[in-house]
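Accompanying notes for the structure given below.
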Amino acid sequence: MLKLKKRIATIGSHSALQILKGAQDEGFETICVCEKKRTAPYKMFPVADEIIEIDSFKNFLKVEKELIKRDAIVIPHGSFVEYLGPKKIQQLKVPHYGNKKILDWESDRVKQQEWLTQAKIKMPKIFEKPEEIDRPVIVKFHGARGGRGYFLANSTEEFYKKIAKHPDEKFTIQEYVVGVPIYVHYFYSRLTGELEIMGFDKRYESNADSIGRVAAADQITTNLQTSYTIVGNIPLVVRESLLPYFIKIGQRVIEESQKLEPPGLFGPFCLEGIVTSDLVLTVFEISARIVAGTNPYVAGSPYTFFKYNEPMSTGRRIARDIKMAIEQNRMDKVFN
Ligand code: AMP
């Protein structure tokens, strides 16, 4: 395969295996920037042509010059956004795939709500004050990645009892929506102007996903508390009759982002929510970058199989977008 001059780089965590493998499949050389203690998977699986070791992901900017010298393009993912934070990402000089400014909308709860509400996406009610709690709520800690520490409360009293164990945490109180969790993986390319559904997943969460193995009576006597710590991802297909709906809401999210933060959201994104029995998705979060739920589909998903006659992961789709931009001399369509 013809080797491309530019390299694809990301940090070693989250969906790096998928991103780097996809980039290799498209003809790019790859770089994994990795904390010394986390290199094992990137040595075991040969997806990185080069591994740059750093002491802490927080020091990512120290290797930025090195990446620029190697003509690298950085692909953001969940851990990348978490470790660098939206402020440092805005300051990056190394080319970064996607609309950096959209990450500000993703990481700010108020902005996220404005964006999704204007796109007519249903969201769970947010309780500004604990005294307003009038139904089951889920309490989420800011910056708590992977659902760690979340708890449920049914009343103001229960909330105060449980929050006492977390005196210094900032939190959001959200209506607890009863239904099935679904994560919708999309891809939007500014080169083709097309929205694609890449797949769906649900999370495998400890202990929420095994609480049904304990009888209700035992749950009460052992004072079992539900927790939502994400351990892995489970692939999923939806009823085909739901696809028009998921396509429509994905399009609305893109259109609204183009008004709010031109040139808008592009590349991979994910709507994360609960489908209730009336078949409506109540979205509790949007991720404006690749999500780890795409990892079961490194060799393609049932949906990408309809469109591509080759294994097409979201990581590979990103690399394809960049490759197309290079070939068509339209790099402004993948960076900004
Ligand atoms: P998150 O960190 O926001 O992705 O949430 C982690 C998990 O908590 C989700 O996968 C759901 O199982 C659960 N969850 C989050 N928000 C809600 C909600 N508003 N209603 C019901 N379950 C939720």
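One-based numbering, in listed order, for ligands and for the atoms of each.
Between His166 and Phe141, the distance separating the two ring centers is shorter than 6.0 angstrom.
Residue contacts with ligand 1, taken as heavy atom pairs separated by less than 4.0 Å, involve Glu175 solely via the backbone atoms N, CA, C and O. Of the heavy atoms in Val178, none comes closer than 4.0 Å to ligand 1. Only the side chain of Phe284 comes within contact range of ligand 1, with a heavy atom under 4.0 Å; no backbone atom does. Contacts with ligand 1 closer than 4.0 Å are made by side-chain heavy atoms of Ile138 only, the backbone lying farther away.
Salt bridge status for Lys5 with Glu29: absent, with no side-chain N to carboxylate O gap under 4.0 Å. Electrostatic pairing of Glu106 and Lys111 does not count as a salt bridge here, judged by no charged N lying under 4.0 Å from a carboxylate O. The residues Lys43 and Glu53 are annotated as salt-bridged, a charged nitrogen and a carboxylate oxygen being separated by less than 4.0 angstrom.
Considering backbone and side-chain N/O atoms, Glu285 comes within less than 3.5 Å of an N/O atom of ligand 1. Checked against a 3.5 angstrom limit, the closest N/O atoms of Tyr183 and ligand 1 fall inside it.
In the hydrophobic clustering (ILVMFWY side chains linked at under 4.5 Å, chained through shared members), Ile211 is joined by Val214, Leu224.
Take Ser107 and apply the side-chain contact (heavy atoms from CB on, under 4.5 Å) test, not counting sequence neighbours, and it matches Pro86.
Short contacts between ligand 1 and Tyr228, defined as distances under 4.0 Å to a heavy atom of the residue, involve ligand atoms 8 (O), 12 (O), 13 (C). Less than 4.0 angstrom separates some heavy atom of Tyr150 from each of these atoms of ligand 1: 1 (P), 2 (O), 3 (O), 5 (O), 6 (C). The Lys140 neighbourhood of ligand 1 comprises atoms 3 (O), 15 (C), 16 (N), with distances under 4.0 Å to a heavy atom of that residue.
No hydrogens or angles considered: a donor-acceptor pair under 3.5 Å links the side chains of Asp321 and Ser189. There is no side-chain donor-acceptor pair under 3.5 Å between Glu205 and Tyr150.
Using a non-hydrogen distance threshold of 4.0 Å, Lys202 does not register as a contact of ligand 1.
Of all the listed residues (Val291, Val177, Asp209), Val177 holds the heavy atom that lies closest to atom 21 (C) of ligand 1. For the residues Met123, Glu205, Lys125, the heavy atom positioned nearest atom 11 (C) of ligand 1 is part of Glu205.
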